[in-house]
Structure formats: structure tokens, C-alpha cells
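For ligands, and for the atoms within them, numbers begin at 1 and follow the listed sequence. We use all heavy atoms of the structure for the numbers below, so side chains are in, but hydrogens, waters and symmetry mates are not.
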Amino acid sequence: MKLVRYGAVGQEKPGLIDKSGQLRDLSAQVADLAGDAFAPASLAKLAAIDPASLPEVSGHPRIGSPVGGAPKFIAIGLNYADHAAEANMPIPAEPIVFMKASSSLCGPNDNVEKPRGSTKLDWEVELAIVIGTRAKYVSEADALNYVAGYAVCNDVSERAFQLERLGQWTKGKSHDTFGPLGPWLVTKDDIADVHGLGMWLDVNGKRCQTGSTATMIFNVPKIVSYLSEVMTLLPGDVITTGTPPGVGMGMKPPQFLNVGDVVTLGIDGLGEQKQTIVAA
Ligand code: ZN
């Protein structure tokens with residue numbers, strides 16, 4: 001299933017994309033795509049519905065984050081060896097974990113704000129995991145049972161805030177609109193091999209990032225299991241899992257985003273995003 005939330009900011013309704021690409025409304029079936037709506041039993045109920053029986057949504061409404069009210073927005077850093085190299089940082093022995101404010105989540109095609117004082121606004125195409133079931137101390141072998149599905153995420157980053165202003169990366173990762181997610185939450189049964197997905201990102205139509213989830217250092221079961229040892233994962237938590245090479249910080253000379261720039265990105269089977277940079 002391809003699950004979506006559509007409509008104005010803060011008033012999104014649940015929906016799904018049928019096999020022909022038509023958006024259909026799920027408001028009569030589920031209040032919102034949030035929290036326990038991602039539990040296996042809830043997803044099974046939605047999967048049992050004949051999409052043709054659902055009302056078609058006309059026009060092209062805004063698409064929001066496919067996850068409403070995410071309890072946590074967790075990120076894995078330096079999870080691709082070649083990205084760690086371009087960032088001049090060692091390949092980590094254990095997953096690097098940092099938090100993004102959950103208020104930074106936004107729709108896949110919403111404008112991205114350049115924060116006041118920002119000089120080093122950067123991009124990161126990433127595979128995001130959405131948790132379906134409360135997870136504490138789960139094994140790698142069991143970890144996928146706690147995953148609802150996957151989505152494209154742009155882990156938008158302000159490098160000066162992240163790296164030059166002391167303390168944790170969170171400062172440079174949490175501004176409003178720093179977490180475009182979607183367009184869809186694709187349930188895990190629809191992704192044959194989550195570790196074989198091509199990923200790409202363009203800035204103003206020029207290819208910057210090309211990668212594959214095949215080169216992740218820590219894979220999805222490892223990440224879910226590892227995180228469940230250091231915190232309890234809750235239904236609706238979003239985990240973005242690191243970026244392949246080609247970020248602006250790693251270019252020679254470095255290249256950063258300015259107002260008016262357009263970022264497009266996508267992952268095989270998970271859809272595409274497009275953001276325009278605007279002043280905060
Ligand atoms: Zn990242």
C-alpha cells in the first residue's frame with residue numbers, strides 16, 4: 001500500500017494511492033495516519049479494503065508528511081562509508097544517532113525554509129523507516145516485525161549550525177521544513193528488498209547524489225534493534241537512515257543552497273520529492 005496524507009497544513013486527511021495512481025480518501029476508515037494506525041492489525045484492515053470502493057479525490061491537493069504526529073524523529077549519521085569519507089569523518093564502529101525535532105517534518109513538496117543567519121544549507125536524500133509497533137530490546141532477527149514501512153526523506157541540514165556552533169548536531173537538523181517526508185509511506189510488504197533501492201538527488205536539475213541503500217553500513221534490522229536498546233521506539237516514530245555521497249559540504253569547493261534553488265530527489269519504489277528554498 002502507498003499511504004498518504006493530503007490537504008492543507010495541519011488539516012491533512014488520510015488517503016491511499018491505488019494501482020492506477022489515483023488518490024483515494026480513507027477518512028471513513030481511519031482518523032489519521034498516525035500512531036497505532038501503523039500497527040500490523042490496523043494496516044491489515046486497510047489492506048483488505050478494495051481501493052475501488054474508496055472515494056476518489058479530485059484535483060491535485062497538497063501532499064503532507066505521510067506520518068501524522070510523529071512521537072520521535074531520529075536520524076542515523078555517517079551510515080554510508082563513502083559519505084563519511086567526503087565528510088572527513090571516520091567510518092563509525094556503532095551507529096551515530098542524533099535527533100531531529102519532529103516539528104521539522106513536512107510534506108514532500110513543501111517549500112524548505114532557509115533559516116535566518118544560514119550560510120551552509122545542505123541536502124541529504126535518505127531512506128526513512130516508520131515504526132509500527134512499540135519496540136524495546138528487539139533482536140535484529142525480529143526487527144522488521146516492528147516496521148510499518150518506508151518513505152523518502154530529505155535530511156535538510158544547516159552545516160554551520162550543525163558543526164560550528166558547539167554541542168550536538170540537532171541544532172543544524174531541526175528547523176521547520178528540515179524533514180520533507182513522502183510522498184508515500186510504502187508498507188514494507190510492497191518493498192521486495194529495502195537494501196537494494198537506488199537513490200538520487202538533483203539541485204536545480206543537476207545530479208548531485210547517486211547511491212543505493214545496498215551500501216548502508218548499518219542495515220534496517222540493525223538500526224531498529226540498536227535504537228530499541230537505547231530508547232523505546234513508538235508507533236509513528238520516523239527514523240531516517242543516513243545519506244550516500246554527494247552532499248554540498250563534500251563538494252570542492254563546497255556548494256550550499258540559496259533562496260530560489262530547487263531540490264528534487266527520489267528512491268526506487270518510494271516516489272519523488274521537489275522543494276523550493278525560501279527565506280524563513
Ligand atoms: Zn542525514
Taking CD in Gln168 as the centre, count heavy atoms belonging to other residues, nucleotides or ligands within less than 6.0 Å. Is the count above 12?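 It does not: Gln168 CD has 12 such atoms or fewer within range.
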Does Asp142, at its CG atom, have more than 12 non-hydrogen atoms belonging to other residues, nucleotides or ligands within less than 6.0 Å?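 Yes, CG of Asp142 has more than 12 neighbouring heavy atoms, counting only those of other groups under 6.0 Å.
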Between Lys136 and Ser228, do the side chains contain an N or O donor and an N or O acceptor separated by less than 3.5 Å?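 There is no such pair between these side chains.
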Taking all non-hydrogen atoms of both residues, which atom of Leu33 and which atom of Pro66 are closest, and how far apart?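 Closest pair (atom of Leu33, atom of Pro66, distance): CB-O, 3.7 Å.
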For the Zn ion (ligand 1), what is the closest N, O or S atom on [X]?
X	answer
Glu126	OE2
Glu124	OE1
Asp155	OD2

